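By convention in this document, chain letters (A, B, ...) are assigned in the order of the sequence lines, proteins followed by strands, and residues within each chain are numbered from 1. For clarity, every value in this text was computed on a predicted model and none was experimentally measured. Heavy atoms only: backbone and side chains are in, while hydrogens, waters and symmetry mates are out.
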Amino acid sequence: MCGRYALHTHPEVIALQLGVQGGAGIDARSTLAPERLAGWKPRWNIAPTETMPVVIARSDAAPQLHWLRWGLIPSWANDVSIGAKLNNARAESVTEKPAFRQAFSKPASRRGRCLIPADGYFEWQEAPAGVRGARKQPYYLQQANGKLLAMAGIWDSWQSAQGELFESFAVLTIAPNKEAALIHERMPVLIADEDRQRWLLGNPTEALALLRTAPDDTLRTHAVDRRMSSARIDDAQCIAAVKLNEPDEESPETKAASSDSHQDRQGRLL
DNA sequence: CCAGACGTTGTT
DNA sequence: GTCTGG
DNA sequence: CCAGACGTTGTT
DNA sequence: GTCTGG
């Protein structure tokens, strides 16, 4: 789950919406630093191993936007390749897993909890069993109120033998709410505006209390074109709503009144 | 003691 | 780094 | 997460 | 089937 997302909102707007300090407070490594901002471009189809703006608070300092690589590389890893597999961390076990627990429970200058800003994320719905040639249908999920999502994550640092520093993150996952459950059995942990500071700077007990499924009716979803399944495709079409064609022969007559949403495609879940 | 794992998702 | 398994 | 590759020798 | 790349 949550192996792809979109972030097309400009970093200055991200900072405003997520309460990240800009202006004088930023350091040279901030996404908002002029030389780093120059490299920014809107992204519609972000895959693991890519480097994206993430909100971190180094050693309890004021939260800032920094570029981190998606796919957590623990400090003890032999190489970066493990990161491709650790793009998610289960909320139910994040305090126990050796690769994750320090980042969660013992934040420091080079590891900790983070917020991953996203305009929305993608989820693939399994095709109904027995449908020949059926492939997974991707959906785009975004906040119903149009605001940015703040996904809960953890981050760590790894240094190569050549001394190159890699800062990387994983997205926490949990059981889905009502809308997400129609598509998939997991969803990212979402942090409400009023909980951001507590998530980033609170003690482990406070942070643990925020690992909850988002309330129902806070997300809206629509099917998107399958061409975005290739991570090489990265344009605004990736998040555009498409109307799904009904299965031609498999099911008897289906009611034609189908929205552009998932409501005509269910049956497996719930 | 050292060696080896350290993760999730989805599928069977 | 730290835990588990042998 | 999905898509795409999965290999060497020798020649250009 | 399994790993790598994006």
Classify A/Phe100 by what it touches in the nucleic acid, base, sugar-phosphate, or nothing, heavy-atom distance under 4.0 Å.
sugar-phosphate

Measure the distance from NZ on A/Lys97 to C1' on C/dT2 and round it to the nearest whole Å.
14 Å

Taking atom P in both B/dA3 and D/dT11, what distance in whole Å separates the two?
45 Å

If you only use heavy atoms from C-beta on, which nucleotide in B/dG7, B/dT8, B/dT11 is closest to the side chain of A/Ala99?
B/dG7

Of all the nucleotides listed (D/dC2, D/dG4, B/dT11), which has the minimum atom distance to the side chain of A/Ser229?
D/dC2

Between C1' on E/dG5 and CZ on A/Arg4, what's the gap in Å once rounded to a whole number?
11 Å

Of the candidate nucleotides B/dT8, D/dG4, B/dC6, which contains the atom at the shortest distance from the side chain of A/Arg90?
B/dT8

When rounded to the nearest Å, what value does the distance between P atoms of D/dC1 and B/dT8 take?
12 Å

Please evaluate the base of E/dG6 for a donor-acceptor partner in the side chain of A/Thr49 within a cut-off of under 3.5 Å?
yes

Does the ring of A/Trp124 lie flat against the base of D/dC2, closer than 5.5 Å centre to centre with planes under 30°?
no

Regarding A/Ser93, tell me which of base, sugar-phosphate or nothing describes its non-hydrogen contacts under 4.0 Å with the strands shown.
sugar-phosphate

Phosphate OP1/OP2 of B/dT9 contacted by A/Thr173 side-chain N/O (<4.0 Å)
yes

Euclidean distance for P, B/dT9 against D/dC2 (whole angstrom):
12 Å

Would you say the side chains of A/Thr173 and A/Arg186 form a donor-acceptor pair under 3.5 Å?
yes

How long is the line joining CZ of A/Phe169 and C1' of D/dC1, in whole Å?
13 Å

For A/Gln237, does the CD atom sit with more than 12 other heavy atoms under 6.0 Å from it, leaving out its own atoms?
no

So A/Lys85, base contact, sugar-phosphate only, or nothing? Heavy-atom distance under 4.0 Å.
base

Please give, in whole Å, the distance from D/dA3 P to A/Ile46 CD1?
18 Å

Tell me what A/Arg101 touches on the nucleic acid: a base, only sugar-phosphate, or nothing, going by heavy atoms under 4.0 Å.
sugar-phosphate

Is the shortest side-chain N/O distance from A/Arg186 to OP1 or OP2 of B/dT9 below 4.0 Å?
yes

Is the distance from OP1 or OP2 of D/dC2 to the nearest side-chain N or O of A/Lys136 less than 4.0 Å?
yes

For A/Tyr5 and E/dG6, what is the distance between atoms OH and C1' respectively, to the nearest whole Å?
13 Å

Run the ring-centre check on A/Tyr5 versus A/Trp70 and record whether the distance is less than 6.0 Å.
yes

Atom CD of A/Glu126 and atom P of B/dT9 are separated, to the nearest Å, by 14 Å

Taking CD from A/Glu123 and C1' from B/dT8, how many angstroms apart are they, rounded to a whole number?
12 Å

Using atom P in both nucleotides, what's the gap between B/dG7 and C/dT4 to the nearest angstrom?
12 Å

C/dC3 - base-pair partner by Watson-Crick or wobble geometry, distances under 3.5 Å
B/dG4

How would you label the contact of A/Pro48 with the nucleic acid (heavy atoms, under 4.0 Å): base, sugar-phosphate, or nothing?
base

Which residues pass the side chain to side chain contact (heavy atoms under 4.5 Å, CB included) test with A/Leu201, sequence neighbours left out?
A/Ala57, A/Asp60, A/Gln197

Between C1' on B/dT8 and CD1 on A/Ile154, what's the gap in Å once rounded to a whole number?
12 Å

Heavy-atom side-chain contact between A/Asp119 and A/Tyr140 under 4.5 Å
yes

Short side-chain donor-acceptor distance under 3.5 Å, A/His66 and A/Gln64:
yes

